[in-house]
Amino acid sequence: MPELPEVQTVVDTLKPRTLGQRIVSVLLNRSDVLTPHGFDLSGHLISRTVAAIDRRGKRIIFTLDNGNRFYIHLGMSGRLTIESPQTDLLKHTHLILEFKTFQIRFKDPRRFGGIWWLGSEEFADAKMGPEPLLIRPQQLAACLAKTRRPIKNALLDQTVIAGLGNIYVDESLFAAGIHPLTLANDISAEKVAQLTRAIKQTLRKALRHGGSTLRDYFDANGDAGKFQKLHAVYHRTAKKCRRCDSLIERIVLGGRSTHFCPSCQPH
DNA sequence: GTCCATGTTCTTTA
DNA sequence: CTAAAGAACATGGA
């Protein structure tokens with residue numbers, strides 16, 4: 001759901017309103033969405049200004065003027081929006097960051113997302129794979145050579161590459177002409193290079209269209225993405241392939257629905 | 001009422 | 001021991 005293009009779009013739409021602004025008050029409606037549990041979040045946020053907002057994988061990292069950091073993960077159904085203080089509070093609004101003239105609200109019905117306080121320590125991303133938009137083909141090849149899982153499962157693993165989810169793995173594999181069941185360590189160097197290009201092209205195109213809105217995703221201004229209209233395979237089961245006349249197929253891999261064109265992505 | 005959607009973590013299996 | 005597969009989580013919509 002929110003994957004790299006959606007998370008980046010949220011960051012891009014948050015920044016113009018938020019950077020340099022001072023946090024006036026903090027309301028945490030559910031303490032269990034915060035890690036570490038029981039941490040005095042408002043005590044550390046009030047009167048601080050937001051110095052930077054960045055993305056790493058699917059995480060939205062806030063840096064304060066004193067160097068402290070925290071990040072928000074949108075999980076499956078999380079939304080971060082800029083709201084007027086007068087706007088009615090929606091159900092499942094877990095956190096409100098109040099600024100002088102507006103609020104940032106974090107709403108997440110399914111609560112797979114949350115807020116993680118990092119403090120001043122070096123960002124703990126040791127377990128995260130490289131950024132898809134920066135990854136080099138040899139880097140991806142080295143990682144894939146070490147695992148015998150189907151490529152679909154490997155690309156969903158955030159320690160292999162950080163930021164892809166179910167939509168963009170399916171779309172990238174289609175763009176690269178690779179069947180999702182292909183074993184990761186069976187893919188030639190040439191094909192991995194093609195896959196690297198396909199991932200970058202797919203993500204950049206999705207970014208240009210503000211990400212994909214299936215149901216829950218909206219950017220910080222409340223606007224939906226448009227890339228779902230251009231999906232080649234995701235959620236297009238039994239529809240005609242856009243490149244040939246075959247019908248898109250759906251299988252389940254790693255407990256996730258997986259869509260592909262049997263002709264364009266031969267096994 | 002049942003089933004399905006999915007990102008991540010935890011548990012079980014091989 | 002490690003790698004991989006599977007279950008669990010939570011809620012709303014079909």
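By convention in this document, chain letters (A, B, ...) are assigned in the order of the sequence lines, proteins followed by strands, and residues within each chain are numbered from 1. Side chains are part of it too, since the values below use all heavy atoms of this structure and drop only hydrogens, waters and symmetry mates.
- Within 4.0 Å (heavy atoms only), A:Y168 reaches no atom of the nucleic acid at all.
- Between the CH2 atom of A:W116 and the P atom of B:dT9 there is a distance of 7 Å, rounded to whole Å.
- Using modelled atom types, no side-chain atom of A:T182 and backbone atom of A:I178 make a donor-acceptor pair closer than 3.5 Å.
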Show the distances under 3.5 angstrom between N or O atoms of the protein and N or O atoms of nucleotides 10-14 of chain B.
none

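- Residue pairs meeting the salt bridge (Lys or Arg N to Asp or Glu O under 4.0 Å) criterion with at least one member in residues 167-194 of chain A, sequence neighbours excluded, are A:K152-A:D170.
- Dashed line: the shortest gap from a side-chain N or O of A:Q158 to OP1 or OP2 of B:dT8 is under 4.0 Å.
- Following rounding to the nearest Å, A:L156 (CG) and B:dA5 (C1') show an atom-to-atom distance of 14 Å.
- Not counting sequence neighbours, the partners of A:A52 by the side-chain contact (heavy atoms from CB on, under 4.5 Å) test are A:D54, A:T63.
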For nucleotides 1-5 of chain C, tabulate all protein N/O to nucleotide N/O atom pairs closer than 3.5 Å, reporting atom names and distance.
unit_1: C:dA4; atom_1: OP1; unit_2: A:T147; atom_2: OG1; d: 3.1
unit_1: C:dA4; atom_1: OP1; unit_2: A:R148; atom_2: N; d: 2.9
unit_1: C:dA4; atom_1: OP2; unit_2: A:T147; atom_2: OG1; d: 3.1

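- Each of A:H235 and A:L164 has a nearest nucleotide on DNA chain B; the 5'-most of these lies closest to A:H235.
- Using a 30° and 60° split on the angle between ring planes, A:Y168 and A:F227 fall in the parallel class, below 30°.
- Within the 4.0 angstrom heavy-atom criterion, only backbone atoms of the sugar-phosphate kind lie near A:R111; the bases stay farther away.
- At a cut-off of 3.5 Å, with distance as the only test, a side-chain donor of A:T49 or A:D65 sits close to an acceptor on the other residue.
- At least one donor-acceptor pair closer than 3.5 Å links the side chain of A:T213 to the backbone N or O of A:G225.
- We find that CG of A:D108 is positioned 10 Å from P of C:dT11, with the value rounded to whole Å.
- A:D108 and A:S77 are linked by a side-chain donor-acceptor pair at a separation below 3.5 angstrom, with hydrogens and angles left out of the test.
- For B:dT8, the base is not stacked against the aromatic ring of A:F112, per a cut-off of 5.5 Å between centres and 30° between planes.
- Few gaps surround NE2 on A:H179; more than 12 heavy atoms of other groups in view lie less than 6.0 Å from it.
- The aromatic rings of A:H259 and A:Y234 sit perpendicular to each other, their planes meeting at more than 60°, with 30° as the lower class boundary.
- Atom P of nucleotide C:dT11 and atom CZ of A:R79 are separated by 17 Å, given to the nearest angstrom.
- Rounding to whole angstrom units, CG of residue A:D32 and C1' of B:dT8 are separated by 16 Å.
- When A:R55, A:K200, A:K58 are each tested for a salt bridge (Lys or Arg N to Asp or Glu O under 4.0 Å) with A:E131, only one passes: A:R55.
- Straight-line distance from the CZ atom of A:R30 to the P atom of C:dT11: 7 Å, rounded to whole Å.
- Using a 4.0 Å heavy-atom criterion, one finds that A:R250 contacts the sugar-phosphate atoms exclusively.
- A donor-acceptor contact shorter than 3.5 Å links the side chain of A:T202 to the backbone of A:A198.
- Per the geometry, CG belonging to A:D157 stands 10 Å off P belonging to B:dT8, to the nearest Å.
- Take A:F106 and apply the ring pair (Phe, Tyr, Trp, His ring centres under 6.0 Å) test, not counting sequence neighbours, and it matches no residue.
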So which protein nitrogen or oxygen atoms get under 3.5 Å of nucleotides 12-14 of chain C's nitrogens or oxygens?
unit_1: C:dG12; atom_1: OP1; unit_2: A:K91; atom_2: NZ; d: 3.3
unit_1: C:dG12; atom_1: OP1; unit_2: A:H92; atom_2: NE2; d: 2.8

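- A straight line from CD1 of A:I115 to P of B:dT8 spans 16 Å, rounded to a whole angstrom.
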